[in-house]
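Data first, discussion second: the structure below is written as structure tokens.
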Amino acid sequence: MKTFRRGIHPREFKELSKDQAIQALPAPPQVVLPMSQHLGVPCVPTVKKGDAVRKGQVVGEPDPSNPRRFVSAPVHASISGKVVAVEPRPTPLAPSVLCVVVENDGQDAWLDGLPAETDPATLDANSIKARIQAAGIVGMGGAGFPTHVKISPPPEKPIDTLILNAAECEPFLTCDYRLMLERTAEVVEGLLILGKALAVKNVLVGIEANKPDALAALSKAAEGRGVRVEMCKVKYPQGAEKQLIYALTRRVVPAGGLPLEVGVVVQNVATALAVREAVCLGKPLIERVVTVTGDGVGQPSNFLVRLGTPFRALLEAARMHPGVRKVVAGGPMMGIAVGNLDVPVVKGTSGLLVLQEAEMPDWRACISCGRCVDACPMGLMPNEISIACEAKNLEAAAAANLMDCFECGCCTYVCPAKRPIVHWVKWAKAEAAKKKAQQPKQKAG
Ligand code: SF4
Ligand code: SF4
């Protein structure tokens with residue numbers, strides 16, 4: 001079975017929500033739409049307080065004065081109503097981000113003039129890319145990289161392979177699994193549209209062996225359409241881009257490099273569905289499926305929610321128990337703990353994990369057991385990185401290839417000394433970024 005080197009086998013916990021069909025939550029009374037919920041140039045608001053907006057209307061566009069604005073994605077109103085504020089608000093990604101706040105008028109009225117339903121066979125690659133860009137689609141697995149950029153490689157980097165990342169290897173999360181079961185044909189159509197935009201000769205699906213029903217459904221929908229569905233070993237982080245590419249193609253993305261260096265583009269399941277809806281139906285990205293799970297909720301669920309819906313609404317719908325100790329945006333391995341439950345669902349919010357007990361391990365000095373080295377899928381020395389970070393020695397951390405760490409959490413998971421390695425890695429990267437940002441100013445001064 002296809003797989004990558006090293007990695008770990010955490011308990012899956014997917015049984016909590018995997019059999020819960022996708023359920024649409026009612027649109028909330030108010031949505032908060034951050035101008036930055038993607039990698040790249042933030043948007044600037046195109047509306048002001050008091051404006052009436054309709055569902056699907058652009059409320060934020062890439063800053064026209066920024067020369068790098070191609071690497072960005074517009075933000076659309078996910079409900080119809082009135083703009084009641086344009087102001088900084090906390091989001092799951094940052095403590096303060098400029099947001100457009102819309103109060104629901106209960107009409108749920110679409111904007112007139114959105115692109116009409118279209119047969120994708122009538123569109124060329126550039127028209128497909130333009131529709132994806134206009135719809136504000138970004139990688140919905142959490143990375144948030146604008147999709148139109150990912151499928152517009154420079155001419156010197158030809159792409160021959162497109163991979164649908166159907167691994168969903170994070171424990172607990174089941175939103176992609178439900179989409180694969182319930183929206184199978186549309187996911188495959190979205191994948192084929194992406195394949196057409198990229199003009200690739202290989203279209204692959206990588207799915208873990210723990211989803212046999214989704215694998216069978218995808219295989220059936222893809223039959224005779226030039227798509228190869230590959231079963232991968234159940235191992236974390238099978239869905240990380242570099243690991244999935246290696247598993248399916250044996251190509252190795254160089255350190256610090258992108259998948260396009262080896263001729264590959266990877267897209268996730270929810271993104272493929274969003275592409276299909278944008279290209280075929282003219283629908284901008286205004287909603288997504290979010291798994292709400294963990295021992296802190298009475299009813300684990302997979303909700304279809306409008307972007308901008310407060311986390312609290314999802315948690316209440318999943319009957320969160322009183323006194324829960326921890327809420328994580330994403331899964332337990334790569335998710336981010338959230339303190340404010342009023343932050344909004346953004347394009348990359350795949351799950352909310354609610355836990356009764358917050359683990360507060362007492363970490364100790366490294367005992368040089370080497371378990372983290374055996375687990376690291378990037379072939380790094382997490383022990384060396386952790387010792388350097390603990391000593392606040394950024395140079396030593398950089399020399400141990402800190403920047404190649406993608407914070408998968410395997411090292412932290414296996415460490416018997418409970419060392420908070422990923423926490424330190426995040427700190428060291430943030431410090432390095434601060435230092436880099438200060439460099440030109442120091443030179444100028
Ligand atoms: S978090 Fe970084 S150092 Fe640790 S196992 Fe993952 S890639 Fe390796
Ligand atoms: S697993 Fe923990 S204790 Fe063992 S070598 Fe790595 S950092 Fe040190």
Side-chain angles (χ1 to χ4, degrees), residues 3-12 39 139 141-143 145 165 167-173 208 232-247 251-259 261-262 266 328-337 350 353 359-433:
T3 194
F4 61 97
R5 300 189 192 109
R6 296 175 288 274
I8 57 172
H9 296 91
R11 198 181 143 193
E12 294 176 26
L39 285 180
F145 193 74
N165 184 352
E168 197 167 51
C169 63
E170 266 275 358
F172 286 95
L173 300 187
E208 285 191 328
C232 300
K233 209 168 167 178
V234 182
K235 191 166 68 162
Y236 179 85
Q238 184 61 78
E241 278 194 343
K242 291 181 180 179
Q243 282 61 38
L244 189 61
I245 291 169
Y246 179 79
R251 298 180 195 175
V252 178
V253 180
L258 295 170
E261 320 266 351
V262 294
V266 181
V328 176
M333 301 302 293
M334 294 189 75
I336 300 170
S350 50
L353 172 59
E359 212 189 326
M360 300 289 277
D362 232 356
W363 57 269
R364 303 184 298 280
C366 173
I367 56 170
S368 300
C369 66
R371 285 191 204 174
C372 56
V373 180
D374 292 341
C376 179
M378 294 301 290
L380 304 176
M381 304 282 278
N383 49 345
E384 289 186 6
I385 295 176
S386 80
I387 290 167
C389 291
E390 189 184 0
K392 301 200 175 349
N393 185 340
L394 289 182
E395 286 72 27
N401 300 312
L402 169 81
M403 297 316 269
D404 286 339
C405 166
F406 67 103
E407 300 162 27
C408 68
C410 290
C411 50
T412 305
Y413 183 83
V414 297
C415 177
K418 305 286 175 214
R419 291 171 66 73
I421 305 173
V422 174
H423 175 78
W424 282 330
V425 163
K426 285 181 199 279
W427 169 83
K429 284 185 182 173
E431 287 300 307

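Order of appearance sets the numbers: ligands from 1, and atoms from 1 within every ligand.
Applying the 4.0 Å criterion to heavy atoms of P382 picks out, from ligand 1, the atoms 3 (S). Here is the list of ligand 2 atoms found below 4.0 Å of a heavy atom in P416: 1 (S). Within the listing of ligand 2, atoms 3 (S), 8 (Fe) sit less than 4.0 angstrom from a heavy atom of I367. In the vicinity of C410, heavy-atom distances shorter than 4.0 Å reach the ligand 1 atoms 5 (S).
Remark: the backbone N or O of C169 is not paired with any side-chain donor or acceptor of K235 at under 3.5 angstrom.
Annotation for K426: atom NZ counts as buried by contact number, over 12 foreign heavy atoms lying within 6.0 Å. More than 12 heavy-atom neighbours from other residues, nucleotides or ligands sit within 6.0 angstrom of CZ on R251.
Atom 4 (Fe) of ligand 1 has C411 SG, 2.3 Å as its closest protein atom, hydrogens excluded (heavy atom only). Nearest protein neighbour of atom 2 (Fe) of ligand 1, counting heavy atoms only, is C405 SG, 2.3 Å. Counting protein heavy atoms only, atom 5 (S) of ligand 2 is closest to G370 N, 3.2 Å. The protein heavy-atom contact nearest to atom 8 (Fe) of ligand 2 is C366 SG, 2.3 Å.
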Check the pair Y236, E170 against side-chain contact (heavy atoms from CB on, under 4.5 Å), reporting the backbone distance first and the verdict last. CA-CA 7 Å; Y236 179 85; E170 266 275 358; 3.9 Å; yes
Decide yes or no on side-chain contact (heavy atoms from CB on, under 4.5 Å) for M333 and I8, but give the supporting numbers first. CA-CA 11 Å; M333 301 302 293; I8 57 172; 3.6 Å; yes
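Atom 8 (Fe) of ligand 2 lies at 2.8 Å or more from every N, O or S atom belonging to C415.
Between atom CD1 of residue I385 and atom CG of residue N393 there is a gap of 12.5 Å, rounded to the nearest 0.5 Å. To the nearest 0.5 Å, atoms SG (C415) and CD1 (I421) are separated by 5.0 Å.
Contacts between S368 and ligand 2 below 4.0 angstrom, taking non-hydrogen atoms only, involve the backbone exclusively.
Here the shortest heavy-atom distance to atom 6 (Fe) of ligand 2, taken over C376, C369, C372, belongs to C372.
Contact between T3 and Y246 at its shortest, heavy atoms only, is O-CD2, 3.8 Å.
Ligand 1 is approached by G409 to a heavy-atom distance shorter than 4.0 Å.
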